[in-house]
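Throughout, protein chains are lettered first and strands after them, A, B, ... in sequence-line order, and every chain is numbered starting at 1.
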There are 2 protein chains.
Amino acid sequence: MRNALKTLALAAGIAGVGIAHAQSVDMDMTGRIRAEAFQRSQVLKTLNHLTDVIGPRLTNSPSMYAANAWTREKFTEWGLANVHDEAVEDFGRGWVFTDAHVEMTVPRAMPLHALPKAWTPGTNGMVEGEAMVAKLASKADLEKFKGKLRGKIVFLDDLRPYKPNEKSDFQRHDKASLEEIASSPVPVSRPAGDESPEAMMKRFRERAEFTPLLNQFLIDEGVLATMSISSWNDGIVRVMGGGSRKAGESVGVPAFVMIAEHYNTVMRALADKEKVSLRVASDARFTDDTNKPAFNTIAEIPGTGPNRNEIVMIGAHMDSWHTGSGAADNGAGVAVMMEAMRILKAVGAKPNRTIRVGLWTGEEQGLVGSQAYVAKHFAKYPEPTDPAEKNIPRSLRTNKGKLQRMADYDKLSVYFNLDNGSGKIRGVYGQENLAAAPIFEEWLKPFNDVGATVVTQRNTGSTDHISYDQVGLPGFQFVQDGLDYFSHVHHTHLDVQDHISEPDLKQASAIVASFAYNAAMMKQRFPRKQLVEN
Amino acid sequence: MRNALKTLALAAGIAGVGIAHAQSVDMDMTGRIRAEAFQRSQVLKTLNHLTDVIGPRLTNSPSMYAANAWTREKFTEWGLANVHDEAVEDFGRGWVFTDAHVEMTVPRAMPLHALPKAWTPGTNGMVEGEAMVAKLASKADLEKFKGKLRGKIVFLDDLRPYKPNEKSDFQRHDKASLEEIASSPVPVSRPAGDESPEAMMKRFRERAEFTPLLNQFLIDEGVLATMSISSWNDGIVRVMGGGSRKAGESVGVPAFVMIAEHYNTVMRALADKEKVSLRVASDARFTDDTNKPAFNTIAEIPGTGPNRNEIVMIGAHMDSWHTGSGAADNGAGVAVMMEAMRILKAVGAKPNRTIRVGLWTGEEQGLVGSQAYVAKHFAKYPEPTDPAEKNIPRSLRTNKGKLQRMADYDKLSVYFNLDNGSGKIRGVYGQENLAAAPIFEEWLKPFNDVGATVVTQRNTGSTDHISYDQVGLPGFQFVQDGLDYFSHVHHTHLDVQDHISEPDLKQASAIVASFAYNAAMMKQRFPRKQLVEN
């Protein structure tokens with residue numbers, strides 16, 4: 001695969017584009033970067049402050065604002081330029097919780113482990129009610145349960161039988177898995193089992209319509225609280241948002257996610273026609289009455305060469321969910337991006353192009369921060385005419401119409417993102433930008449010995465490089481070792497510093513700093529793939 | 001290995017013992033047993049009542065007494081004879097907790113997941129104090145911290161760095177692991193790294209002396225509560241006992257075990273010289289002021305043949321720790337043993353020898369129930385003269401002196417135990433009773449197709465068959481698939497019904513019923529290995 005790509009790139013080079021790959025890497029600078037990253041690392045210190053000291057950073061929570069302030073402070077201390085926040089208007093309200101409590105009192109006393117969904121109301125002290133199963137997934141369901149739920153604690157999900165994981169919970173790539181990832185399946189027009197974009201849009205729209213109805217129904221019916229089952233087993237609370245972050249919208253009733261083992265214990269008792277009562281408390285509260293802006297934190301190392309007006313960007317989202325401390329998702333990415341900027345200053349880099357870092361807000365709510373940034377600085381699609389589509393995060397819209405390009409659209413060379421936990425970098429997703437492959441292969445060479453080798457043309461999604469990719473700008477995400485990201489920490493109460501691998505963060509810091517520097521020193525702007533506008 | 005054993009057994013047969021292995025299994029009866037176990041199983045129903053309805057069964061807690069009563073009721077309903085409890089005098093006090101709560105308030109608010117150690121006092125409502133690290137492992141430590149701990153919440157353990165588990169958390173035996181277990185390492189006189197019996201005894205004695213001192217010290221110094229780190233990572237609370245179950249002994253102060261991720265979060269903050277405050281509550285309480293007996297539940301299918309005065313026993317411990325519902329440890333073993341008795345009644349078995357089941361109490365406190373039962377009915381060593389040794393559980397004593405044999409010592413044929421979770425039976429530990437091997441191989445044959453094949457001469461320890469083995473009686477424990485017993489559920493808050501495998505319980509029920517029947521029908525009493533008295 002990689003040999004084939006080289007041939008392609010060579011052919012492209014003959015045609016006068018993609019010549020950049022012939023440019024060799026500055027090994028003196030790479031050596032300095034690597035030594036600073038490996039011998040004088042501050043990446044864990046940075047991560048420690050973000051996670052243990054500041055804590056979880058739910059978008060628009062006081063701690064997310066504190067993270068904006070602290071990262072600005074560090075960037076300034078490190079001598080970066082143009083350190084500032086950029087507002088994402090009208091994101092919604094802030095929300096915090098500090099404590100929650102759920103226990104079974106009938107048929108027998110037992111503490112239950114559950115935590116509140118973000119943007120749901122608190123209970124105003126301890127409340128007690130009978131547990132009841134009610135699937136509330138459609139308007140017909142609401143009709144069916146009308147008048148039956150007053151004072152109840154509603155269990156929304158089915159019992160989910162335990163399914164043991166017969167693979168290790170902790171994964172590193174090996175030769176076989178890297179070879180597998182380097183090969184790209186040629187897509188079928190409609191992947192079997194995949195939802196069509198239209199179906200997904202329909203589902204999104206239906207959910208967007210139904211959620212406010214459900215929230216109001218729960219209030220009107222006097223439901224005490226709702227319980228959902230954690231999507232992972234083994235005592236892990238995997239919990240995201242509920243209610244609504246938007247001022248003026250119904251936030252429903254207190255809503256919790258419970259560990260599967262306890263959720264199922266209640267469900268078995270209910271299935272056996274036992275009366276089950278719970279005592280429930282959450283001190284969750286909104287910190288604002290009105291919608292407030294969220295903030296991206298931005299900083300630069302200004303370019304000093306002939307292309308100083310062009311921009312190389314690196315970034316990661318700083319917001320997190322609320323129950324761990326956002327260590328792997330995505331304190332790790334932020335700490336690496338910050339460390340890369342620190343390293344570049346420490347080694348005295350004088351890049352040709354400007355190197356800019358973006359610490360994004362609202363990624364967990366649909367790439368909100370990076371979407372707003374790209375829309376403001378680089379390009380955006382017209383606002384949808386369908387009012388329902390307006391309520392859908394920009395990253396999930398159909399993006400029909402002509403792309404509106406801003407002044408800096410031509411100045412952005414390339415963007416690199418990190419957002420898959422603290423596992424070390426094993427390569428780069430090429431996002432079907434064939435001309436990128438030989439460049440990345442060259443750039444990875446000084447890091448082959450620390451495990452970074454693979455360039456794949458696969459597309460990877462779901463994080464902030466998509467905001468660039470969607471508008472035809474080169475935006476890339478690295479291939480990382482998974483570690484226990486998708487078994488233990490992703491959006492869970494276990495996403496704290498313990499599960500972070502420091503050597504992996506050091507390795508990633510060196511590679512990101514080096515990639516940023518190499519991109520800033522390229523003779524030409526980073527090659528772009530064809531943007532097909534629909 | 002197994003061929004070699006057969007040769008040995010044959011040689012023994014020629015010498016006039018061990019002939020029993022030639023006796024073929026009654027395939028009609030085995031077929032009935034298997035059909036009842038597989039097609040008309042009640043094992044999950046039994047387990048459900050023990051775990052979800054009755055709940056955790058800490059020795060001498062109200063729910064353990066409830067389990068004694070309910071199992072008697074079931075045995076009676078199934079038509080067993082001589083259904084009764086046998087008291088284990090002076091076990092100690094009962095103890096319950098129904099709810100606990102720990103949260104960090106300073107430097108930032110965060111719910112912490114921790115549960116109380118059994119037999120520790122409650123907090124009498126919510127208390128708040130500063131966290132402080134203090135290793136309190138020796139009298140010198142107590143001197144060192146005297147006067148410094150008032151009002152503090154003491155963190156007793158070191159921070160433990162996360163170590164990922166690179167193997168699957170869920171294990172079944174395969175060909176290689178069964179072959180491995182079938183081979184016995186010839187023991188060295190003093191296994192490298194193993195503690196000598198004298199060193200273990202010394203450690204035990206020192207701990208027995210130190211614990212009351214520590215408990216009283218914590219009270220005298222006005223410590224609010226202590227925190228220990230869970231011995232497993234990944235959000236699992238693995239918690240056993242603390243304080244003291246004995247009336248009149250100091251129970252210390254409220255003591256909790258906290259998940260590693262949260263414990264380490266506090267420890268990192270303390271290492272960074274942060275002030276950390278916690279709010280803590282536990283409603284733990286003792287249910288008695290004086291020591292009370294614990295109870296084994298006993299029932300029989302009386303023998304009808306010429307050897308009706310001889311006894312075959314099966315058993316499992318019914319007590320559990322207090323945070324899960326004692327499903328894998330050892331609701332599974334109890335449900336299988338009960339089901340085996342039910343099956344034997346259902347198939348109309350008329351055994352030659354009496355088949356007796358023992359549901360033991362106090363196993364988690366040192367095989368207390370089965371030790372007392374064996375001492376009363378079969379044999380015991382003289383009480384130790386060393387008063388310190390008297391305080392050590394019988395199973396851990398040096399057992400010097402001449403064994404005192406009771407009337408039934410010669411009547412007990414064999415005892416089978418199950419206590420390693422709900423994983424299916426893969427074979428039997430022979431405990432170096434070579435004459436047992438060919439018998440077990442014969443008995444396993446009808447279950448080879450459901451995965452039970454291996455006979456190993458290895459000794460396995462740590463549960464109630466040891467009470468028999470120690471006094472020279474044949475006591476055996478089965479080889480089981482591990483499942484997630486030693487990764488998720490052993491002594492943890494996750495030990496609930498979810499992690500139980502029903503097909504595995506059915507398989508085990510059939511095998512135990514069949515083994516009990518075969519043992520009851522043997523021409524001769526089960527062969528005994530040589531008892532060397534010291």
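Judged by distance alone, the side chain of A/D157 and the main-chain N or O of A/I229 form a donor-acceptor pair under 3.5 Å. Formation of a donor-acceptor pair under 3.5 Å by the A/D329 side chain with backbone atoms of A/H491 is not found in this model. Under the 3.5 Å distance criterion, the side-chain polar atoms of A/S228 are left unmatched by any main-chain donor or acceptor of A/V257. A donor-acceptor pair under 3.5 Å is formed between the side chain of A/S230 and the backbone N or O of A/R238.
Both the backbone and the side chain of A/H493 come within contact range of chain B, each with at least one heavy atom under 4.5 Å from a heavy atom of that chain. For A/D283, no part lies under 4.5 angstrom from a heavy atom of chain B. Contacts of B/I259 with chain A are made by side-chain atoms alone, with heavy-atom separations under 4.5 Å and no backbone atom involved. Both the backbone and the side chain of B/D234 come within contact range of chain A, judged by heavy atoms closer than 4.5 Å. Using a 4.5 Å cut-off between heavy atoms, A/D272 contacts chain B through its side chain alone, with no backbone atom that close. Looking at B/V237, there are no atoms closer than 4.5 Å to chain A (heavy atoms on both sides), in backbone or side chain. With a 4.5 Å cut-off on non-hydrogen atoms, B/N48 touches chain A through its side chain but not through its backbone. Heavy atoms closer than 4.5 Å to chain B are found in both the backbone and the side chain of A/H499. Residue B/Q171: no heavy atom, backbone or side chain, is found under 4.5 Å from chain A. Interface remark: A/S487 contributes no atoms to any contact with chain B (heavy atom separation under 4.5 Å). Proximity to chain A (any heavy atom under 4.5 Å) is restricted, for B/L115, to the side chain, taken from C-beta onward. The part of A/D484 that comes within reach of chain B is its side chain, from C-beta onward, which places non-hydrogen atoms under 4.5 angstrom from that chain. No part of A/V96 comes within reach of chain B, as not one of its non-hydrogen atoms sits under 4.5 angstrom from that chain.
Heavy-atom pairs under 4.5 Å with chain A were tallied for B/P107, B/G324, B/G55, B/S168; the largest tally goes to B/S168. Ranking A/M110, A/M104, A/H113 against chain B, the residue ahead of the rest is A/H113, based on heavy-atom pairs under 4.5 Å. Note: B/P111 leads B/A109, B/S501, B/P111 in heavy-atom pairs under 4.5 Å with chain A. When each of B/H488, B/Q497, B/R268 is scored by its heavy-atom pairs under 4.5 Å with chain A, the top score falls to B/R268. For chain B, the option among A/P56, A/P164, A/A100 with the highest count of heavy-atom pairs below 4.5 Å is A/P164. Contacts with chain B were tallied for A/R108, A/E103, A/K167; A/R108 has the most, counting heavy-atom pairs under 4.5 Å. Chain A forms the most heavy-atom pairs under 4.5 Å with one residue out of B/I500, B/L112, B/T323, B/T265, and that residue is B/T265.
In terms of heavy atoms, A/R57 sits closest to A/L50 at NH1-O, 2.9 Å. Of all heavy-atom pairs between A/M258 and A/F155, the closest is CE-CZ, 4.2 Å.
Separating the CD atom in A/E502 from the NZ atom in A/K45 is a distance of 12.5 Å, to the nearest 0.5 Å. Going from atom OG1 of B/T105 over to atom CD of B/E130 covers 10.0 Å, rounded to the nearest 0.5 Å. One distance of note links CG of A/D481 with CG of A/L178; it measures 7.5 Å at 0.5 Å rounding.
The aromatic rings of A/F97 and A/H322 lie perpendicular to each other, with more than 60° between the two planes, well past the 30° mark.
Just one of B/R172, B/K424, B/R426 meets the salt bridge (Lys or Arg N to Asp or Glu O under 4.0 Å) condition when paired with B/D504; it is B/R172.
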Would A/M64 and A/L58 count as a side-chain contact (heavy atoms from CB on, under 4.5 Å) if you check the C-alpha gap in whole Å, the side-chain angles of each, and the deciding distance to 0.1 Å? CA-CA 6 Å; A/M64 179 61 186; A/L58 187 76; over 6 Å; no

